[in-house]
Amino acid sequence: MGSRQTSIRKSQKRSQPISRDLLLWYDRHRRDLPWRAAAGERSDPYAVWLSEIMLQQTTVTAVKPYFERFMARWPGVRDLAAAPLEAVLDQWAGLGYYARARNLHACAIIISRDHDGLFPDNEAALKRLPGIGDYTAAAIAAIAFDRPAAAVDGNVERVISRLYHITQPLPAAKKPIRAQTLALVPDDRPGDFAQALMDLGAVICTPRQPRCPACPWQAHCRAAAKGDAESLPVKAPKKQRPIRHALAFWLEKDGAVFVRRRPAKGLLGGMLEIPTSPWLDTPPLMAEAMAHAPYQAQWSTLPGEVRHVFTHFELLITVLRADQPISAPKDGHWLARDQLDGLPGLMQKIARHALAAQS
DNA sequence: GAAACGTGGCT
DNA sequence: TAGCCAAGTTT
């Protein structure tokens, strides 16, 4: 399969006119991003890798400050590998999809220990590393090492499905989209081509109201010709989200908040949390849920609820507050109030709710 | 192939 | 408000 796709690409001319059109557009309109090397310069594989992991299912705007902080604190892969996992997780807090941070750390250790601190320069070896799948392996190979790889992310799926008017719904359409993308990758500047394709999807070939008149591929685009670009790509219908409920126990003393570390895997795995009762699919019965408080205290119920939407369910939290524990809290520690940015988004939301209620 | 896995911005 | 979407990977 892979060899067949490669033969398709190699059967093309060195650089097709359509691919060159995109590179010319990129030379004029490329975005200036913190992890992107200046035109014509080599990029740092560590920075490319770090940015690609952060950018998985995450917007450029959200990633920028995190990328800057990580690069400042851990400038190289060996620095990251030497850090405690907890430090990496706390620095990642708020970005979401925390398995990425766990895999990031695990990958840094493998690179440092088994690869002499150097990233592999080919897709196959990259894909064996934790947190690196089809897309990220291709992206790193192309961007960091200028290898002719097809980096197919959501942007590229959209651009290619419109260009060739692929109406088969995702994710089944991934195979033909990938084959078509690979056929377009030029031998010259494949790294720039990968980034150009993503920039095109992000800036011109947007999900809604694509700017077709400004597109370097307008003349080639089947969807533009038919005028139905916005209807592509076709996606499978989404399932509805169930609603779950819980109590949160906000315990504050001397300007510090009681927190604990969640189990290493699963939802918010390894992250700090404000203790909660179990998350159930029915509203909590107060007496029953309070039995799950991690300590005895004089609890008062704060008005309102905290609503948090996860990918596959929605959570409604009622916050209980106390100033002094009656029994000594166990399995946790006190966190200064100015360190609450080390909590995941849901927990920061609970904290804001509790702090707003007392002021 | 389907489900688990976060979060914030935009319409 | 509710739904959609963002440089996906793992199980």
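As a basis for the values below, the full set of heavy atoms in this structure was taken, side chains included, without hydrogen atoms, waters or symmetry mates. Labels below follow one simple rule: chain letters A, B, ... track the order of the sequence lines, proteins then strands, and each chain is numbered from 1.
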So [X], base contact, sugar-phosphate only, or nothing? Heavy-atom distance under 4.0 Å.
X        : result
A:Leu315 : nothing
A:Thr136 : sugar-phosphate
A:Pro171 : nothing
A:Trp35  : base
A:Val60  : base

| query | Does A:Lys238 or A:Asn103 map to a spot on DNA chain C nearer the 5' end, using the closest nucleotide for each? | reply | A:Lys238
| Which residue lies toward the 5' end of DNA chain C, A:Ile132 or A:Asp153, if each is placed at its nearest nucleotide? | A:Asp153
| query | Taking the C1' atom of each, how far is C:dA6 from B:dC5, in whole Å? | reply | 15 Å
| task | Could you give the distance separating C:dA7 and B:dA2 at their P atoms, to the nearest angstrom? | result | 23 Å
| remark: Paired with A:Arg36, the salt bridge (charged side-chain N to carboxylate O under 4.0 Å, His left out) test is passed by just one of A:Asp44, A:Asp199, A:Asp192, namely A:Asp199
| field | Pairs meeting criterion side-chain hydrogen bond (donor to acceptor under 3.5 Å, both in side chains) with involvement of residues 226-240 of chain A, two or more places apart | value | A:His165-A:Asp228
| field | A:Arg30 and A:Gln195 side chains, donor-acceptor separation under 3.5 Å | value |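 No, because no side-chain N or O of A:Gln195 sits under 3.5 Å from a partner of the opposite role on A:Arg30.
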| Does a donor on one side chain and an acceptor on the other come within less than 3.5 Å for A:Arg100 and A:Thr58? |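 Side chains of A:Arg100 and A:Thr58: pair found under 3.5 Å.
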| field | First and last nucleotide of DNA chain C, 5' to 3', lying under 4.0 Å from heavy atoms of chain A | value |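 Here the contact window of chain A covers C:dC5 to C:dT10.
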| said: Return a single string for nucleotides 3-11 of chain B, one symbol per nucleotide in 5' to 3' order, where B is base contact, S is sugar-phosphate-only contact and - is none, cutoff 4.0 angstrom on heavy atoms. | reply: SSBBB----
| Quick check, are the ring centers of A:Phe193 and A:Tyr26 under 6.0 angstrom apart? |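 That pair fails the under 6.0 Å test.
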| Do A:Trp92 and A:Phe70 have ring centroids that are under 6.0 Å from one another? |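 Ring-ring flag for A:Phe70/A:Trp92: true, centres closer than 6.0 Å.
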| query | Which word best sums up how the rings of A:His29 and A:Trp25 line up, parallel for under 30°, tilted for 30 to 60°, or perpendicular for over 60°? | reply |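 It falls in the tilted class, 30° to 60°.
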| task | Name the orientation class of the two ring planes belonging to A:Phe119 and A:Trp49 (parallel below 30°, tilted from 30 to 60°, perpendicular beyond 60°). | result | tilted
| Does the side chain of A:Glu52 come within less than 4.5 Å of A:Tyr135's, by heavy atoms? |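 With C-beta onward as the side chain, the pair touches.
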